[in-house]
Amino acid sequence: MARPIRVRFAPSPTGYLHVGGARTALYNYLFAKNQGGTFILRIEDTDLERSTDESLRMQLDDLKWLGLDWDEGVDSTTLESKGDYGPYRQSQRLDLYRKHCDQLLEKGFAYYDFRTDEELEQIKQASGEKFTRIPRPETILDLTEAREKVASGASAAVRFKVDGGGEHVINDLVRGEVRLPEDMVGDFIIMRSNGMPVYNFCCAIDDALMEISHVFRAEEHLSNTLRQKMIYDALGFEAPEFGHMSLILGQDKQKLSKRHGATSCHQYHEMGYLPEALLNFVALLGWSAGGDEEVFSRDQLIDKFDVKRLHTAGAVFDEEKFKWMNATHLRALPHQKLWELLGPLFEKENISLPESEDFIDKSLTIFKTKMETLLDAIELFRPVDEKYFEISDEATEVLEWETTKAVFEAWRAQIKGQSGMYLTADEFGEMQNQVKDAVGVKGKHLFMPIRVAIIGKPHGADLKMLVPLVERESLLRRVDKALAAL
RNA sequence: GUCCCUAUCGUCUAGAGGCCUAGGACACAUCCCUUUCACGGAUGAGACACGGGUUCGACUCCCGUUGGGGACGCCA
């Protein structure tokens, strides 16, 4: 019964893509690609209150940024469905859900519940417990009667009737055998009183109709799997294979959420993180490749992915390690590619830099070892642009040294003595020695003032590498400013 | 509270009964490289939650305790 491999990622468009969602999408994507299957994107937008097209576009943009391309689903620009099982937005599949809901009603697997919110609330209050399952109503109207009542304007939700006696055993792809007793859940709503179907129902119908073969999702869905299983059984559908993965946790070990800080892909994008680093990092939260290696490209992840190596306990999202991961991917990027990513940032910050291949190569060689995120480049490159040269507060101590003024003056004389447009690293080394001899200082009393006269700070890039990036005339103007700051 | 899931260094993890005096990575410490800061290299400190079984042998299997998490919506 080898079914074609079809997996899906089914976000609801209510904001940016969460890193947990990104990991779910990634695992499904990796599984599809690794198995030669189809990766489907389905939009779960039956909650009219919260779902917006704007959010949908944001989610799609995040997915595209990550490079998790889908084979079937919704087109990211037109939002039109593409693929044979469409439409792929649940809000456009309402007739399908209604049809199946009627079937359940007719077969006696579901019933109309006419209780109002207030009544339900009262029942909860009366039970005295914080959590309580809503009991089945004392009387359930005969279907014809109920339908007439609804037709005459009464509002009613449709509930799935849970027998409660049995037990469902799923062979979870990551957890093994999981036994779910039916009385774990009460009669649950499948159709709201406003006529909109509810997640658990749509999900089951769509997974069946779209012939989804495997469902990888977070373990918070375990009880939903039970509900969906019962729907499959009632309708005679074949259930997909399930794999429930661990949750991503915050530092406090609670489910990662907004109060833990940055949790959306969009935020990390803005913070200068690379999509390949994000993918690599979340992939390792709950999965490992087996060996000692940890840094992988997307293609390597596809190649190495194996459901058997998914694990069961929750994983804390460690931002420190994520930074390291990002820095590692960033340094591995070809200079030309890295420069393209940096371009818009420099433009936004109004930092003007030479665009020659030579400059790009030299400057990135120096600076990329100091960058963890793309954003770090801003403060690194800013000193190269003369209009941002300024004496930093960090230089205060250096400016107070007795010998600093003499070093500045000797350095200025050295620059005057040169003629080319740029200095070479060798020339700079020689000039530094001349200053040393002229003033009679060495060590930090020599280097730090010179650094201040070039970048305005006593610490920073290797001057032998930085100086050749700055025009000689600019160096002169800088040392004059440093002298003026004394 | 009820049900379900889960338990190796601070964190992410390797470990599918003897290979474990438990390996790697991040973070941390020390040293080397470096006329600064980084990068890089080396070294170090650091964990099998606890109690019972099963077994010649348990980090690995079973049971229990404890801890952690999740679900209990006309959200997904």
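We name chains A, B, ... by the order of the sequence lines, and we start the count at 1 in each one.
- A distance of about 13 Å separates the P atoms of B/U43 and B/G23, rounded to the whole Å.
- When distances are taken from the side chain of A/Lys321 to each of B/C4, B/A25, B/U35, the shortest belongs to B/A25.
- The A/Arg133 side chain lies nearest to B/C72 when the options are B/C72, B/C75, B/U36.
- For the pair A/Lys149 and A/Phe114, the cation-pi criterion (under 6.0 Å, within 45° of the ring axis) is fulfilled.
- A donor and an acceptor atom, one from each side chain of A/Gln122 and A/Glu118, are nowhere located under 3.5 Å apart.
- Taking a pair to require two hydrogen-bonding distances under 3.5 Å in either a Watson-Crick or a G-U wobble arrangement, B/A38 remains unpaired.
- Between the CZ atom of A/Phe296 and the P atom of B/A25 there is a distance of 13 Å, rounded to whole Å.
- To the nearest angstrom, P of B/C39 lies 15 Å from NE2 of A/His459.
- A side chain to side chain contact (heavy atoms under 4.5 Å, CB included) with A/His100 is found for one member of A/Ile190, A/Asp95, A/Leu105, A/Leu209 and no other, namely A/Leu209.
- Taking atom C1' on both nucleotides, B/A76 is separated from B/C50 by 38 Å, rounded to a whole Å.
- When the C1' atom is compared between B/U60 and B/A14, the two are found 13 Å apart, to the nearest whole Å.
- Across the interface with RNA chain B, nearest-nucleotide mapping of A/Leu222 and A/Ala315 shows A/Leu222 to be the residue nearer the 5′ end.
- At a threshold of 4.5 Å between non-hydrogen side-chain atoms, the residues A/Glu372 and A/Asn326 do not count as touching.
- Residue A/Gly186 is out of contact with every strand shown, counting any heavy-atom pair closer than 4.0 Å.
- Considering only side-chain N and O atoms, A/His244 lies nowhere under 4.0 angstrom from the phosphate OP1 or OP2 of B/C5.
- Atom name C1', nucleotides B/C61 and B/C75: the rounded distance is 41 Å, in whole Å.
- When heavy atoms are screened at a 4.0 angstrom cut-off, A/Gly291 is found touching no nucleic acid atom at all.
- For A/Thr312 and B/A7, the shortest distance from a side-chain N or O to OP1 or OP2 is below 4.0 Å.
- Rounded to whole Å, the distance from CZ on A/Arg309 to P on B/A14 is 6 Å.
- Here A/Glu379 pairs with A/Arg382 in a salt bridge; the nearest charged N to carboxylate O distance falls below 4.0 Å.
- A/Phe428 places a side-chain heavy atom less than 4.5 Å from the side chain of A/Ile450.
- Residue contacts shown for A/Thr46 are limited to sugar-phosphate atoms, with no base heavy atom under 4.0 Å away.
- In terms of position along RNA chain B, the nucleotide closest to A/Trp324 lies nearer the 5' end than the nucleotide closest to the other residue of the pair A/Trp324 and A/Asp117.
- The closest side-chain donor-acceptor pair between A/Thr225 and A/Arg217 falls under 3.5 angstrom.
- For B/C5, the OP1/OP2 oxygens have no side-chain nitrogen or oxygen of A/Ser246 closer than 4.0 Å.
- Contact check on A/Arg259 versus A/Asp252 returns a salt bridge, with a Lys/Arg side-chain nitrogen under 4.0 Å from an Asp/Glu carboxylate oxygen.
- B/C74 atom P lies 12 Å from atom CZ of A/Phe188, rounded to whole Å.
- Between A/Asn28 and A/His214, the side chains place no donor N or O within less than 3.5 Å of an acceptor N or O (distance only, hydrogens not considered).
- Contacts of A/Asn280 with the nucleic acid, taken as non-hydrogen atoms under 4.0 Å apart, are absent.
- Separating the P atom of B/G17 from that of B/A58 is a span of 14 Å, rounded to the nearest Å.
- In this structure, A/Arg23 places its CZ atom 12 Å from P of B/C12, rounding to the nearest Å.
- Between the C1' atom of B/A38 and the CZ atom of A/Phe367 lies a distance of 12 Å, rounded to the nearest Å.
- On the C1' atoms, B/U66 is 14 Å away from B/G52, given to the nearest whole Å.
- Listed nucleotides B/U11, B/C72, B/U36 differ in distance to A/Asp318; the shortest reach to its side chain belongs to B/U11.
- Here A/Arg50 lies in heavy-atom contact (under 4.0 Å) with a base.
- The A/Val178 side chain lies nearest to B/C5 when the options are B/C5, B/A76, B/C39.
- Note: CD1 (A/Ile123) to P (B/G73) measures 13 Å, nearest angstrom.
- One can place CD of A/Glu293 at 15 Å from P of B/G24, the figure rounded to the nearest angstrom.
- Residues A/Asp183 and A/Arg133 are not paired through a salt bridge, judged by the lack of any N-O separation under 4.0 Å between the basic side chain and the carboxylate.
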Its contact letters, B for base, S for sugar-phosphate only and - for none at protein heavy atoms under 4.0 Å, make nucleotides 66-71 of chain B read ---SSS

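- Of the nucleotides present, B/U43 is the one that pairs with B/A29 by Watson-Crick or G-U wobble criteria, both distances under 3.5 Å.
- Under the Watson-Crick and G-U wobble criteria, each requiring two contacts below 3.5 Å, nucleotide B/C72 is paired to B/G1.
- Nucleotide B/C39 carries a syn base; the chi torsion (O4'-C1'-N9-C4 or O4'-C1'-N1-C2) is within 90° of 0.
- Among the atoms of the strands shown, only primed sugar atoms or phosphate atoms (P, OP1, OP2) are found under 4.0 Å from some heavy atom of A/Glu44.
- No more than 12 heavy atoms of other residues, nucleotides or ligands shown are found within 6.0 angstrom of NZ on A/Lys405.
- Across all strands shown, B/C50 forms a Watson-Crick or G-U wobble pair with B/G64, both key distances being under 3.5 Å.
- Using atom C1' as the reference point in both B/A29 and B/G10, the two lie 15 Å apart (nearest Å).
- Contact annotation for A/Ile189: base contact, defined as any heavy-atom pair under 4.0 Å involving a base atom.
- B/U55 is unpaired under the Watson-Crick or G-U wobble criterion, no partner having all donor-acceptor distances under 3.5 Å.
- Taking atom P in both B/A27 and B/C39, one finds a spacing of 8 Å when rounded to whole Å.
- Among the nucleotides B/A14, B/C4, B/A38, the one closest to the side chain of A/Pro181 is B/C4.
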